[in-house]
K.L.:
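This is the structure I have questions about; it appears just below.
Here is the naming used below: chain letters follow the sequence lines, and residue numbers restart at 1 for every chain. As the structure is a prediction and not an experimental result, all values here were calculated from the model.
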Protein chains: 2
Amino acid sequence: MHDKLREHIEKIVPLSDDEFAFVCTHFTPKKFKKHQFLIQEGEAVKYSYFIITGLLKLVHTDETGKQRIVSFAMEDWWESDYYAFYTQTLATMSLECVENTEVLCLSFEDYRKLCDGLQKMERFFLEKSNFGFIASQRRIISWLTSNAKERYEQLLKQYPALIQRVPKSLLASYLGVSRETLSRLSP
Amino acid sequence: MHDKLREHIEKIVPLSDDEFAFVCTHFTPKKFKKHQFLIQEGEAVKYSYFIITGLLKLVHTDETGKQRIVSFAMEDWWESDYYAFYTQTLATMSLECVENTEVLCLSFEDYRKLCDGLQKMERFFLEKSNFGFIASQRRIISWLTSNAKERYEQLLKQYPALIQRVPKSLLASYLGVSRETLSRLSP
DNA sequence: TCCTTAGTGTGATAAATATCACTTGATAAT
DNA sequence: ATTATCAAGTGATATTTATCACACTAAGGA
């Protein structure tokens, strides 16, 4: 189960067996079933999650109760309510299974210990964070320059696998359009 | 001039005088005038910039020539075309002065040397990147949950200083609405 | 001083998108 | 087998926003 983690990390920094063994001591595996919550709004955010298999949605709920998908997360991705995680405050979003999901859990304390104990891992997380930022910026640019149809096409192109696994109503929520509008875009 | 940098870094990690002297050797100060370009689309991105004084806009131009403000950057902020900077590829955006601006330039090579030579600085950049990512995610949530008027009000609230310094047409571009629509929102 | 340009506001109209209401087909639960 | 539930499509209409056209003001350059 941790093998996927090693492969994932070694795409960025090489690890010796000893180093990887050290890394592993910081993670706890856990399994969740479809519809279960990994993070609930208003509760503490204990972990950042590395996803081994499955699919999660990060959901923001506004004052009127409307839910929007902030992001999806699947195999080899990291996910959490990062503001709450890094500042150790209460969750403002929820993280929920779209499919049965296996994750490796990393507590904030272990995250800090891991970075302090092995500079390579701080380097790894820096790289991840940089490219996470770039991906968000791309999504903003997509918003700024494209209409609903174009954004949908870009999503199809970028994550073709996602479309097979997620109901269109959730894709609509991620794209920031109503499900009816999305339904009328396809042809 | 580097004092602002020290203060900025020490909000996250403390530095000895020797350490800060080491840090300084990696930065080069530069001055630009209003309308000058720090980065031009299609050219190499030599630096990440720390802004001492002034105001910049990061601009994306689409195929039809329409320009959109991806972000503004003012005192104490870092800015660059980060995808191009980190991957050492050509710029897909341009970075231009809205006001006369003084910056400290950090080349990619010096960025790596700085992180490798002083773990505190890798820690610093990790923290910056994490919160940069969170800020982008907030902007996405603002898009997903709010209409033009609400997004404008959120911007006014979050960066009241910006509104004094930037023409409304640029704010409109940043918010992803036409300047005419923005003009009709205020009352 | 005169002229140009940038910034802004506003009316009229078109286009994009949301909302509400209803239907259908597929799947899951009992 | 029957009934709920979910996902998806679609028509009618309302709302939001873009686009085009024009006017006005202030600031800067020749």
Side-chain angles (χ1 to χ4, degrees), chain A residues 33-36 55 57 59-69 72 96-100 139-156 159 161-187, chain B residues 33-37 55-57 59-69 72 94 96-100 139-156 161-187:
Chain A
K33 290 206 176 297
K34 191 170 171 171
H35 296 132
Q36 275 193 301
L55 180 59
K57 59 178 179 180
V59 177
H60 176 273
T61 308
D62 70 15
E63 326 76 46
T64 73
K66 263 187 208 157
Q67 298 198 330
R68 297 289 182 159
I69 310 289
F72 294 105
E96 188 182 350
C97 294
V98 178
E99 302 172 358
N100 295 344
R139 189 155 161 220
I140 290 169
I141 292 172
S142 178
W143 255 114
L144 290 174
T145 58
S146 310
N147 62 22
K149 179 162 192 177
E150 291 161 342
R151 294 202 307 280
Y152 182 49
E153 282 160 1
Q154 287 163 22
L155 182 65
L156 289 180
Y159 304 111
L162 199 64
I163 278 67
Q164 315 303 324
R165 296 167 70 176
V166 175
K168 288 194 178 175
S169 53
L170 291 189
L171 292 181
S173 170
Y174 175 85
L175 289 168
V177 296
S178 67
R179 56 160 207 88
E180 293 94 333
T181 295
L182 184 67
S183 168
R184 287 183 246 256
L185 295 180
S186 311
Chain B
K33 291 209 174 297
K34 190 169 171 173
H35 296 131
Q36 276 193 302
F37 285 83
L55 179 58
L56 304 176
K57 60 178 180 180
V59 178
H60 176 274
T61 307
D62 70 16
E63 325 78 45
T64 74
K66 262 187 208 156
Q67 297 199 329
R68 298 290 182 158
I69 309 289
F72 293 106
S94 63
E96 188 182 349
C97 293
V98 178
E99 301 173 357
N100 295 344
R139 188 155 161 221
I140 290 169
I141 292 171
S142 178
W143 255 114
L144 289 174
T145 58
S146 310
N147 61 22
K149 179 162 192 175
E150 290 161 340
R151 293 202 307 281
Y152 182 50
E153 282 160 359
Q154 287 163 23
L155 182 65
L156 289 179
L162 199 63
I163 280 67
Q164 315 303 323
R165 297 167 68 176
V166 175
K168 288 193 177 175
S169 53
L170 290 188
L171 292 181
S173 171
Y174 176 85
L175 290 168
V177 297
S178 67
R179 58 158 207 90
E180 294 95 332
T181 296
L182 184 68
S183 167
R184 287 183 247 257
L185 294 179
S186 311

K.L.:
Starting at CG of A:Asn147 and ending at P of D:dA18, how long is that distance when rounded to a whole Å?
P.N.:
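From A:Asn147 CG to D:dA18 P: 12 Å.
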K.L.:
For nucleotides 18-30 of chain C, read 5' to 3', which letter fits each nucleotide if B means a protein heavy atom sits under 4.0 Å from the base, S means only the sugar-phosphate is that close, and - means neither?
P.N.:
BBB----------
K.L.:
Find the distance B:Glu150:CD to D:dT17:C1' and express it as a whole number of Å.
P.N.:
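Spelled out: CD on B:Glu150 to C1' on D:dT17 is 14 Å.
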K.L.:
Please report, rounded to the nearest Å, how far the P atom of D:dA7 is from the CG atom of A:Leu170.
P.N.:
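Nearest whole value for this atom pair: 7 Å.
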K.L.:
Could you tell me, to 10°, how much the axis swings from one end of the helix from C:dT1-D:dA30 to C:dT30-D:dA1 to the other, five pairs per end?
P.N.:
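Terminal axis comparison yields 40°.
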K.L.:
With A:Asn147, which residues qualify under side chain to side chain donor-acceptor pair (under 3.5 Å), at least two apart?
P.N.:
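A:Asn147 satisfies side chain to side chain donor-acceptor pair (under 3.5 Å) with no residue once adjacent residues are dropped.
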K.L.:
Tell me, please, which residues at least two apart from A:Tyr159 pass ring-ring contact (aromatic ring centres under 6.0 Å, His included).
P.N.:
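Testing A:Tyr159 for ring-ring contact (aromatic ring centres under 6.0 Å, His included), a comparison that skips the adjacent residues, returns A:Trp77.
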K.L.:
Who are the ring-ring contact (aromatic ring centres under 6.0 Å, His included) partners of A:Phe72, not counting sequence neighbours?
P.N.:
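ring-ring contact (aromatic ring centres under 6.0 Å, His included) check on A:Phe72 returns A:Tyr174.
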K.L.:
Which whole-number value in Å describes the distance from B:His35 NE2 to C:dT5 C1'?
P.N.:
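B:His35 atom NE2 is separated from C:dT5 atom C1' by 11 Å.
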K.L.:
Would a 4.5 Å heavy-atom cut-off, applied to side chains only, mark B:Leu56 and B:Val98 as touching?
P.N.:
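No, their side chains stay 4.5 Å or more apart.
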K.L.:
Whole Å only: how far is the OH atom of A:Tyr152 from the P atom of C:dT17?
P.N.:
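So the two atoms are 15 Å apart, to the nearest Å.
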K.L.:
Checking B:Thr181 now: which residues fulfil side chain to side chain donor-acceptor pair (under 3.5 Å) with it, not counting sequence neighbours?
P.N.:
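Testing B:Thr181 for side chain to side chain donor-acceptor pair (under 3.5 Å), a comparison that skips the adjacent residues, returns B:Ser178.
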K.L.:
In whole Å, what is the span from the CG atom of A:Leu185 to the P atom of D:dG9?
P.N.:
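These atoms are roughly 11 Å apart.
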K.L.:
Quick one: list whatever passes side chain to side chain donor-acceptor pair (under 3.5 Å) with B:Asp62, sequence neighbours left out.
P.N.:
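With sequence neighbours excluded, B:Asp62 shows a side chain to side chain donor-acceptor pair (under 3.5 Å) to B:Thr64, given in chain and number order.
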K.L.:
Would you tabulate the pairs of protein nitrogen or oxygen atoms and nucleotide nitrogen or oxygen atoms of nucleotides 26-30 of chain D closer than 3.5 angstrom?
P.N.:
none

K.L.:
Atom NZ of A:Lys149 and atom CD of A:Gln154: how far apart are they, to the nearest 0.5 Å?
P.N.:
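Atom-to-atom, A:Lys149:NZ and A:Gln154:CD are 13.0 Å apart.
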K.L.:
Got a list of side-chain donor-acceptor pairs under 3.5 Å for residues 162-170 of chain A, not counting sequence neighbours?
P.N.:
residue  : atom : partner : partner atom : Å
A:Arg165 : NE   : A:Glu99 : OE2          : 2.9
A:Arg165 : NH1  : A:Glu75 : OE1          : 3.1
A:Arg165 : NH2  : A:Gly54 : O            : 3.2
A:Arg165 : NH2  : A:Glu75 : OE2          : 3.1
A:Arg165 : NH2  : A:Glu99 : OE1          : 2.9

K.L.:
What is the distance from atom NZ of B:Lys33 to atom CG of B:Asn100, rounded to the nearest 0.5 Å?
P.N.:
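That separation rounds to 5.0 Å.
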K.L.:
Please list, chain by chain and in numerical order, all residues satisfying side-chain contact (heavy atoms from CB on, under 4.5 Å) with A:Arg68, sequence neighbours excluded.
P.N.:
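Applying side-chain contact (heavy atoms from CB on, under 4.5 Å) to A:Arg68 gives A:Ser173, B:Leu144, B:Thr145.
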K.L.:
B:Lys34 has an atom NZ; how far is it from atom P of C:dA6, in whole Å?
P.N.:
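After rounding, the gap between these two atoms is 11 Å.
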K.L.:
Return the value, rounded to whole Å, for the distance between atom CZ of A:Arg151 and atom C1' of C:dA16.
P.N.:
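Computing the A:Arg151:CZ to C:dA16:C1' distance gives 11 Å.
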K.L.:
Donor-acceptor check, side chain of B:Arg151 to backbone of B:Leu175, threshold 3.5 angstrom: yes or no?
P.N.:
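The answer is yes, because a donor-acceptor pair under 3.5 Å joins these two groups.
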